[in-house]
There are 2 protein chains.
Amino acid sequence: MQFAHTRHVVRAALPLVAVLVTAPMANSQPSEQEKHTVSDVWQTLPTRAESPANNPTTAEKVELGKQLFFDPRLSLTGTVSCNTCHNLMEGGDDGRPSSMGIHGRIGPRNAPTVWNSVFQTSQFWDGRAPDLEEQAKGPVIAGPEMGMPNHDKAIERVAAIPGYRSAFATVFGDDDSVTIDNAVKAIAAFERTLITPNSAYDRYVDGDRSALSASQVRGMQLFESAGCTECHSGPAFNGWTPGLTDASFEEFPRFSNRRFLDKYALAKDLGRYEVTKQPEDKHQFKVPVLRNITLTAPYFHNGAVESLAEAVRVMADVQLDMELAEREVTDIVNFMGALEGEFPNITLPRIPSRSGHSILEDQDPAATN
Amino acid sequence: MQFAHTRHVVRAALPLVAVLVTAPMANSQPSEQEKHTVSDVWQTLPTRAESPANNPTTAEKVELGKQLFFDPRLSLTGTVSCNTCHNLMEGGDDGRPSSMGIHGRIGPRNAPTVWNSVFQTSQFWDGRAPDLEEQAKGPVIAGPEMGMPNHDKAIERVAAIPGYRSAFATVFGDDDSVTIDNAVKAIAAFERTLITPNSAYDRYVDGDRSALSASQVRGMQLFESAGCTECHSGPAFNGWTPGLTDASFEEFPRFSNRRFLDKYALAKDLGRYEVTKQPEDKHQFKVPVLRNITLTAPYFHNGAVESLAEAVRVMADVQLDMELAEREVTDIVNFMGALEGEFPNITLPRIPSRSGHSILEDQDPAATN
């Protein structure tokens, strides 16, 4: 999809939701009419995600997936787990411009959040993985991430740990069930539980008009009227429509020769083109989830922008050819704050024991001193 | 303490506990007489630890300490938390010969377990920190670990996070309470909760004669008769006597020109001498806790020994001048397995949010690409 907004057109959309500005902030349930003023653009986050037919979610599988997700022994040096770059204790990312993997190596792109990643229409910034299962295979063997030479070596490591052998047998059956395909199924099953519903925004959309501040309501209106929702639509603000699985990519940056392009090197990465080598995919990126966006600074595929306020300025400029007043930036940032959801309580897993044996025999000799 | 065991002397101690070998394995409670056969050498682990007068444990302090313990933002690159090298999901260590910190840098010694570290008589292999509070200051500013240039910079980072400012104020009072001294007090308070009681060994000592296998009982007896308990004594097997705070150091290796010295470079590290520069401290090391030792391979201050069985062989050789039969090694290893305790359930903390701002502005330029 490509939209050719102008400042004039998007401003004209404002009256659609303007009634919200003067809506009373009260704890009482809103009338049907008051509800109606929240347009269909706004949707609450599902509290659970469907599992695919070939990987049904079970409690045992989720628990195994949690162990694997937190287990740094899946990396060559025993130092990097999925959680290292997708830290569930905060934004589901690592707070870095791009991630630091084994041996201090640095990856090419900013780590996307794993929170609500089940609602992504594809995985990675360039959408090269169709689902969570396929995504989980990538970092394990990526040189600057977990750095295993191949999946066989990673699975050898897992299969050498007695507790994993029995857990895989319980979840997937007895016969040679410690496989990379089963490992990523378990990880994906765990990730499907990583949903943060019931944000202030969700409560507002559900009718609680006291859930957002006046500034947040202004930011919400502006987010729609300025055209942000043309791409950042749906319950996860990433173009995903519940029930559909269409991948949602957009050109970024759309407007060139703008003041932020050079400053933040926004046009350097060719995005999806690097995967497909199709000219029309140049600078196409997956539309990222905006849920919990306040928790995932720095911003963009290259993590070059340090604050959310600046990210909002940049998006207005390079995507909508629009300069926002500082008060408008503040309102949108405040609205983004309303997208912080409720995080599930997660009990730290006990990862299966080494049972008196080192499991790092095969590590890169450079890792030992 | 120095003990001059000979093979003859230690073997002679065997009859002291030999009655255990023929003790019946039954589920019924043992008689007083049966209880008595477990000598006073064997002590159960306390289920809680006292807090020092200047750092009383409170629930809020423990929670703040947990957040700090798991927060990688205390490291220069945002990638290394206390938990990275002291992983509470397994042995309270990192499974590496020596730890890998920021930029893939590698430290000089094996990471000791944080489980039951409150029962250490001093902290670090060379005992250079008297308590957990002092220990926690070290890694934050150690170049190969968390790599902050100094404590002020680390505290600046913490104080920039709104949620930490309010948590410190709640725990320590309002006025400039975000300090390194308060941060390590909170971390130490959390660490004082990291106790793993009720192992099979503890249940056995408490009278449940079915808690250990015959091989484990043989290992337990041999562990005493061979002289291991001369240093690895008390409830944590580290020389600590409840109620006393004397630091317990021992010479390692004691016997030179032995077959394992060169193989594992055991005499290279001068231990406590590096701290005190006193000749009598050469090769003196803190006696490590043996609780959960099956979870912390590889072994020794340099992590050079990959399996617990080999570690037992090495200890017999270089500390007791003794060669064990393989069956004896197996028995002792099995006994060590009985020291795996019950791990408390820990809920993953929510670490305070960046609130739409990167907190890595001050990071080492080498950390970004």
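Quick note on labels: first sequence line is chain A, next is B, and so on, each numbered from 1.
For A/Phe343, the part sitting under 4.5 Å from any heavy atom of chain B is the side chain, from C-beta outward, and nothing else. The parts of A/Leu88 that come within reach of chain B are both its backbone and its side chain, each placing non-hydrogen atoms under 4.5 angstrom from that chain. When heavy atoms are compared at a cutoff of 4.5 Å, B/Ser355 approaches chain A solely by way of its backbone atoms N, CA, C and O. Only the side chain of A/Asn87 comes within less than 4.5 Å of a heavy atom in chain B; its backbone stays farther off. With a threshold of 4.5 angstrom between heavy atoms, A/Ser99 does not approach chain B through any atom at all. In this structure, the portions of A/Pro298 lying under 4.5 Å from any heavy atom of chain B include both its backbone and its side chain.
A distance of 8.5 Å separates CG in B/Leu360 from CD in A/Glu306, rounded to the nearest 0.5 Å. B/Met89 contributes atom CE, which lies 10.5 Å from atom CZ of A/Arg73 (distance to the nearest 0.5 angstrom). To the nearest 0.5 angstrom, B/Thr77 atom OG1 is 4.5 Å from A/Met100 atom CE. To the nearest 0.5 Å, the span separating CZ on A/Arg96 from OG on B/Ser358 amounts to 9.5 Å. In this structure, OG1 on A/Thr294 lies 10.5 Å from NE2 on B/His357, to the nearest 0.5 angstrom.
Annotation: side chain of B/Asp94 is not in contact with side chain of A/Pro72 (no heavy-atom distance under 4.5 Å). B/Arg350 has its side chain within reach of A/Leu295: a pair of non-hydrogen atoms, C-beta onward, lies under 4.5 Å apart. Proximity of A/His103 to B/His103: side-chain heavy atoms (C-beta onward) are nowhere separated by under 4.5 Å.
B/Glu340 contributes no side-chain N or O that, together with a main-chain N or O of A/Ser353, makes up a donor-acceptor pair within less than 3.5 Å. Checked by atom type and distance alone, the side chain of A/Glu90 pairs as donor or acceptor with a backbone atom of B/Arg354 at under 3.5 Å.
Annotation: maximal heavy-atom pairing with chain B below 4.5 Å, among A/Ala309, A/Pro352, A/Gly104, A/Gly303, occurs at A/Gly104. For the set B/Asn345, B/Asp93, B/Val305, the entry with the most heavy-atom pairs within less than 4.5 Å of chain A is B/Asp93. Among B/Thr84, B/Ile346, B/Thr296, B/Leu308, the residue making the largest number of heavy-atom pairs under 4.5 Å with chain A is B/Ile346.
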